[in-house]
*Asks:* 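After the structure tokens below, expect a handful of questions from me.
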Amino acid sequence: MLETQEQRREAIYLALAQVPKGKVITYGNLAKLAGMPNGARLAGRLMCGLPAGSRLPWHRVINSQGKLSLPENSDSYREQIRRLEKEGVVINNGKIKLSIYAY
DNA sequence: CGCGGGGCGAGCT
DNA sequence: TAGCTCGCCCCGC
């Protein structure tokens with residue numbers, strides 16, 4: 001299980017698809033749920049490689065510091081902020097409250 | 001095959 | 001809180 005990179009990718013996607021709306025999850029935790037204790041960086045890699053039309057909630061994935069791990073000047077960054085706020089996620093000084101972490 | 005670099009994380013100063 | 005180091009895994013050179 002989880003031998004090919006396609007299987008790992010699917011595992012991450014499945015785990016991501018289970019993150020409820022209005023909540024967020026860290027890269028490390030996401031990878032862990034997918035069965036990869038040390039796959040945080042892989043998770044990050046996959047996020048930036050997601051197809052544009054994907055229905056996956058990639059915007060609910062943040063780093064362990066409770067912040068968005070994207071360049072503040074990028075379009076993706078603003079897009080993520082926009083989507084999160086639209087779901088009711090409160091962000092203080094760029095940080096997200098621990099109370100809305102999933103799992 | 002070594003080396004540097006990532007949408008990472010944990011631990012120490 | 002801010003930096004730095006080190007460990008992890010995957011990629012491109």
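Naming convention: chains lettered A, B, ... in sequence-line order (proteins, then strands); numbering from 1 in each chain.
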*Asks:* Please find the earliest and latest nucleotides of DNA chain B, in the 5' to 3' direction, that have an atom within less than 4.0 Å of any heavy atom of chain A.
*Replies:* B:dG6 to B:dA10
*Asks:* May I have the distance from A:Asn63 (atom CG) to C:dA2 (atom C1'), rounded to whole angstrom?
*Replies:* 15 Å
*Asks:* Over how many whole Å does the gap from A:Arg41 atom CZ to C:dC6 atom C1' extend?
*Replies:* 12 Å
*Asks:* With sugar-phosphate meaning primed atoms plus P, OP1 and OP2, does A:Gly28 contact a base, only sugar-phosphate, or nothing at under 4.0 Å between heavy atoms?
*Replies:* sugar-phosphate
*Asks:* Would you say A:Tyr101's side chain and A:Gly66's backbone share a donor-acceptor pair under 3.5 angstrom?
*Replies:* yes
*Asks:* So which atom in A:Ser76 and which in A:Trp58 form the shortest heavy-atom distance, rounded to 0.1 Å?
*Replies:* O-CH2, 4.0 Å
*Asks:* Using only atom types and a distance under 3.5 Å, with no angle test, would you say the side chain of A:Gln7 pairs donor to acceptor with the backbone of A:Glu3?
*Replies:* yes
*Asks:* If only atom types and distance count, is the side chain of A:Asn93 paired as donor or acceptor with the main-chain N or O of A:Lys95 below 3.5 Å?
*Replies:* no
*Asks:* Which is more 5' along DNA chain C, the nucleotide nearest A:Lys95 or the one nearest A:Asn38? Just name the residue.
*Replies:* A:Lys95
*Asks:* Which donor-acceptor pairs under 3.5 Å do the side chains of residues 84-92 of chain A make with protein atoms, sequence neighbours left out?
*Replies:*
from, atom 1, to, atom 2, distance (Å)
A:Glu87, OE1, A:Gly22, N, 3.1
A:Glu87, OE1, A:Arg60, NE, 3.0
A:Glu87, OE2, A:His59, NE2, 2.9
A:Glu87, OE2, A:Arg60, NE, 3.3
A:Glu87, OE2, A:Arg60, NH2, 2.8

*Asks:* Using the P atom as the reference point in each nucleotide, state the distance between B:dG7 and C:dC6 in Å, no decimals.
*Replies:* 22 Å
*Asks:* To the nearest angstrom, how far is A:Gln5 atom CD from C:dC9 atom P?
*Replies:* 16 Å
*Asks:* On DNA chain B, does the nearest nucleotide to A:Thr26 precede the nearest nucleotide to A:Leu42 from the 5' side, or the other way round? Give the residue.
*Replies:* A:Leu42
*Asks:* Going by purine N1 to pyrimidine N3 plus the second Watson-Crick contact, or the G-U wobble pair, all under 3.5 Å, which nucleotide sits opposite C:dC11?
*Replies:* B:dG4
*Asks:* For the backbone of A:Val61 and the side chain of A:Gln80, can you confirm whether one donor and one acceptor N or O come within less than 3.5 Å of each other?
*Replies:* yes
